[in-house]
Amino acid sequence: MLSAEKVSYRTRQVEIIRDISLTVNQGEFVGVIGPNGSGKSTLLKNIYKMLVPVSGDILLDGKSLLKMSNRQMAERIAVVSQESEANFDFTVEEVVQMGRYPRKRLIEAANDHDREIVCHSLEMVGMEDFLERSFLSLSGGEKQRVLIARALAQETEMIILDEPTNHLDIGSQIKTLSLLKASKKTVLTALHDLSLASKFCDRIYVLKGGQNLCDGRPDDVISSALVEELYHIHADVFRRNEKIFIDYD
Ligand SMILES: Nc1ncnc2c1ncn2[C@@H]1O[C@H](COP(=O)(O)OP(=O)(O)OP(=O)(O)O)[C@@H](O)[C@H]1O
C-alpha cells in the first residue's frame with residue numbers, strides 16, 4: 001500500500017500543496033482530479049520523488065519512500081510523467097528498453113527475455129509496428145503510448161501516471177485506461193476528464209487550491225455542485241445503471 005501523509009510542498013516564494021493525505025491500496029485504481037493549477041502534478045511529483053516535500057512523508061508498505069534509493073523505488077513503481085522525455089534520438093525499442101534498467105545490473109545488455117517484454121508491452125499499447133522508429137519522429141499520442149509501454153515493461157506492481165490521456169484520441173484514451181485497469185496493477189493517476197475518472201477509478205481525490213477538497217468513490221463525489229465549485233460551470237450529473245453521465249451547459 002502507498003500512502004501520502006500530510007504532504008506539503010512549497011517553493012521559496014509560494015506554497016503549492018498543503019497537508020495532502022492519500023492512500024492507494026493494492027490493486028486499486030485511484031484518480032486525482034482538480035482544475036488546472038490545483039496541485040495534481042506537484043502532489044504526484046512529491047510521491048514519485050521528483051520533488052521533496054517540505055513536510056509529511058510518503059510510505060510504501062509502511063516504509064518511507066523518501067529513504068529508498070531511486071532504483072529500489074523503480075523496482076516497485078513505474079512513472080509516466082508529463083515531462084517531455086528524451087531529447088536524444090532513441091528508437092522506440094530503446095525507449096521501452098529503458099523500462100528494463102531497474103531489473104538489470106549496470107551495463108548488462110538486454111537479453112531475449114527483455115526483448116520479449118519490450119515487444120509485448122508495445123503490443124499492449126498498439127505500437128508494435130513502431131519498434132525501429134525514432135522516438136522524436138512520433139506524434140504526441142504515439143509518444144505517450146510508447147511511454148506507457150515503457151512503464152509496463154518495468155513490470156512493477158504499481159504505476160503512477162500524470163495525465164496519461166493527454167494527446168490521446170478518445171479511442172486511445174479508453175484503450176489505455178482499460179489496459180491499465182485490466183493489468184490489475186495498482187494505479188494512481190491524475191485525470192482531467194470526469195467521465196473517464198468515474199468510469200475507471202475505484203476512488204478519486206479532488207484537489208482545489210493545493211488542498212484535498214474531498215475524496216471517495218466517484219459515484220459519491222462527482223456532482224453538479226462539485227463541477228460548479230471546481231470549474232465554475234454548470235453541469236447536470238445523471239446516474240443510471242451505476243454509471244455517471246455529465247452534461248455540461
Ligand atoms: N516551481 C514553481 N514555482 C512557482 N509556482 C509553481 C512551481 N511549480 C508549480 N507551481 C504552481 O503551482 C500550481 C500547481 O501546479 P501543478 O502543476 O501541480 O498543477 P496541476 O493541478 O497539475 O495543473 P494542470 O491541470 O494544469 O496540469 C500552479 O499554479 C503552478 O503554476
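As the structure lists them, so they are numbered: ligands from 1, and atoms in each ligand from 1.
In this structure, atom 6 (C) of ligand 1 lies nearest to the protein heavy atom Ile16 CD1, 3.4 Å. Counting only heavy atoms of the protein, atom 4 (C) of ligand 1 lies nearest to Val14 CG1, 3.9 Å. Distance from atom 1 (N) of ligand 1 to its nearest protein heavy atom, with residue and atom name: Thr11 CG2, 3.6 Å. Scanning all protein heavy atoms for the shortest distance to atom 16 (P) of ligand 1 gives Thr42 OG1, 3.6 Å.
Counting only heavy atoms from C-beta outward, the side chains of Glu28 and Val187 never approach each other to under 4.5 Å.
Counting heavy atoms under 4.0 Å from ligand 1, residue Gln13 does not touch it at all. Residue contacts with ligand 1, taken as heavy atom pairs separated by less than 4.0 Å, involve Pro35 solely via the backbone atoms N, CA, C and O.
At a threshold of 4.0 Å, the pair Arg76-Asp61 counts as salt-bridged, since one of the basic side-chain nitrogens sits closer than that to a carboxylate oxygen. In this structure, Arg100 pairs ionically with Glu155, as a charged nitrogen and a carboxylate oxygen lie closer than 4.0 Å. Using a cut-off of 4.0 Å between Lys/Arg side-chain N and Asp/Glu carboxylate O, Asp57 and Lys67 are scored as not salt-bridged. The pair Arg145-Glu142 does not meet the salt-bridge criterion, since no charged nitrogen lies less than 4.0 angstrom from a carboxylate oxygen.
Among Gln82, Glu163, Arg10, the residue whose heavy atom lies nearest to atom 27 (O) of ligand 1 is Gln82. Proximity annotation for atom 29 (O) of ligand 1: of Ser41, Gly37, Ala190, Gly37 comes nearest, heavy atoms only.
In this structure, atom 24 (P) of ligand 1 is in close contact with the protein, since a protein heavy atom lies within 4.0 Å of it.
Heavy atoms of Gly34 come nearer than 4.0 angstrom to ligand 1 in no pair at all.
A cation-pi contact, defined as under 6.0 Å to the ring centre and within 45° of the axis, is absent between Arg239 and Phe245.
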